[in-house]
Amino acid sequence: MHLIRNRKRFLSPGPVRVLAGRSPSDFVYAGARKEADLQALGAISNVRAVRLDVTRPEEIVAAVEFVTKGGRGLYGLVNNAGIYTEAPVIDTSPEEFDLVMKVNVYGPYRVARAFAPMIKAGHGRIVNIGSISGILNETGAGAYQMSKHAMETFSTTMAQELAPAGVLVSIVEPGSYKSEIVRNTMTRSGTVAQKDVDDWAKLKEPDEVAAAVESALSERKPKLRYMVVPDAEQAQDTIKTQIEQLVQLNEGQPYTYDRAALIKMLDGALVGARPRSK
């Protein structure tokens with residue numbers, strides 16, 4: 001993932017790429033599992049590499065101790081560690097299903113819980129990396145989509161619960177961007193084909209995702225949700241899915257709202273909404 005500025009201290013429990021031109025006064029604790037990644041991150045002047053596998057509670061505890069001893073405090077936490085799996089839900093092995101949940105759901109929960117006292121002390125920010133897969137419902141990757149659906153509720157609930165402590169929480173929900181997640185899936189479980197890996201490698205670089213994370217960490221009033229997609233089709237599919245779900249909830253029940261009432265609700269929700277971005 002990518003971090004960011006604000007002349008603050010940040011921690012990211014996954015691979016970090018510091019974007020060129022960002023302020024060198026921003027200090028990033030970058031979590032990684034592989035020795036090669038730790039070495040590469042440690043070579044960046046404003047980055048301190050931290051060995052962190054979010055499925056290992058002892059490494060989370062050690063990371064908290066490491067950041068605490070650094071004496072810089074901690075302003076922002078970006079939960080971006082994640083894995084993907086591709087198979088129908090009932091054909092996903094229990095071991096693979098458990099691993100997806102351990103990394104994508106339990107990991108952010110454990111890391112956020114462990115670092116919450118430091119984030120509260122700094123009246124800081126927590127940014128979770130979700131996915132439009134947490135909204136869409138497609139066949140073939142159910143376990144992954146379940147994990148991202150869970151991040152929706154996790155982020156919303158934390159935003160409500162931590163607001164009194166002055167902590168702001170956001171979820172960034174990317175569409176399809178270039179990353180190593182599919183290649184890593186093929187290496188780990190073989191559930192995706194080489195063609196899928198090759199197609200994934202041709203996707204757009206995720207700089208727009210990095211910009212959304214930056215906004216969530218630095219804007220005076222960050223959004224709760226940042227949908228970031230590379231094309232109009234993915235945006236339309238995501239919004240259309242939300243509307244279809246609204247209709248399904250509303251239809252055929254004792255308190256069904258008619259079209260006029262629904263439009264009135266929509267108009268009310270749009271009050272204060274941000275204008276279309278460039």
Exercise for the section: Tell me yes or no: between the side chains of E208 and Y177, is some donor less than 3.5 Å from an acceptor? Expected result: yes
Problem - Common cluster, I83/I132, ILVMFWY with side-chain heavy-atom separation under 4.5 Å - result: no
Exercise for the section: May I ask whether L168 and M227 are part of the same hydrophobic cluster, defined by side-chain heavy atoms of I, L, V, M, F, W, Y residues being less than 4.5 angstrom apart, directly or through others? Expected result: no
Exercise for the section: Please report the closest heavy-atom contact between P230 and K204, naming both atoms and the distance. Expected result: CB-CD, 4.2 Å
Practice task
Inspect the surroundings of CZ in F66 and state if more than 12 heavy atoms from other residues, nucleotides or ligands are less than 6.0 Å away.
Solution key: yes
Exercise for the section: Mark yes when over 12 heavy atoms from residues, nucleotides or ligands other than R188 sit less than 6.0 Å from its CZ; otherwise mark no. Expected result: yes
Completion exercise
Tested for side-chain contact (heavy atoms from CB on, under 4.5 Å) against V228, the lone hit among V209, V213, D207 is V209
Exercise for the section: Decide yes or no on side chain to side chain contact (heavy atoms under 4.5 Å, CB included) for F154 and V105, but give the supporting numbers first. Expected result: CA-CA 9 Å; F154 178 59; V105 181; over 6 Å; no
Exercise for the section: Flag the pair D199 and K195 as a salt bridge only when some basic side-chain nitrogen lies within less than 4.0 angstrom of an acidic carboxylate oxygen. Expected result: yes
Exercise for the section: Decide whether S133 and Q145 meet the rule of one side-chain donor and one side-chain acceptor closer than 3.5 Å. Expected result: no
Handout entry: Nearest-0.5 Å distance, CD1 of residue I171 to NZ of residue K148
Key = 7.5 Å
Problem - Rounded distance (nearest 0.5 Å) linking atom CG of L77 with atom CZ of F115 - result: 7.0 Å
Handout entry: Greater than 12 external heavy atoms within 6.0 Å of Y109's OH
Key = no
Exercise for the section: Could you list who else is in L224's hydrophobic cluster, with ILVMFWY side chains joined at under 4.5 Å, directly or through other members? Expected result: none
Handout entry: Modelled atom types, side-chain donor and acceptor of N128 and S155, under 3.5 Å
Key = yes
Practice task
Determine, using the 4.5 Å side-chain heavy-atom cutoff (strictly less than), whether M146 and Y144 are members of one ILVMFWY cluster.
Solution key: no
Problem - Lys/Arg cation over aromatic F27: R48, 6.0 Å, 45° cone - result: no
Practice task
Look up atom CD1 in I60 and atom OG1 in T55, then write down how far apart they are to the nearest 0.5 Å.
Solution key: 8.0 Å
Problem - Same apolar cluster (I L V M F W Y, side chains within < 4.5 Å links), V111/Y29 - result: yes
Exercise for the section: Report, as yes or no, whether the 6.0 Å neighbourhood of atom CD on E244 holds more than 12 heavy atoms from other residues, nucleotides or ligands. Expected result: yes
Practice task
State whether R56 and D53 are salt-bridged, where the test is any N-O pair (Lys NZ or Arg NE/NH1/NH2 against Asp/Glu carboxylate O) under 4.0 Å.
Solution key: yes
Exercise for the section: Hey, could you give me each pair passing salt bridge (charged side-chain N to carboxylate O under 4.0 Å, His left out) that has a residue in residues 215-236? Not counting sequence neighbours. Expected result: E152-R225, E219-R274
Practice task
For the pair R51 and E35, find out whether any cationic side-chain nitrogen is under 4.0 Å from an anionic carboxylate oxygen.
Solution key: yes
Fill in the blank from the handout: Of all heavy-atom pairs linking L41 and A32, the shortest is CD1-CB, 3.9 Å
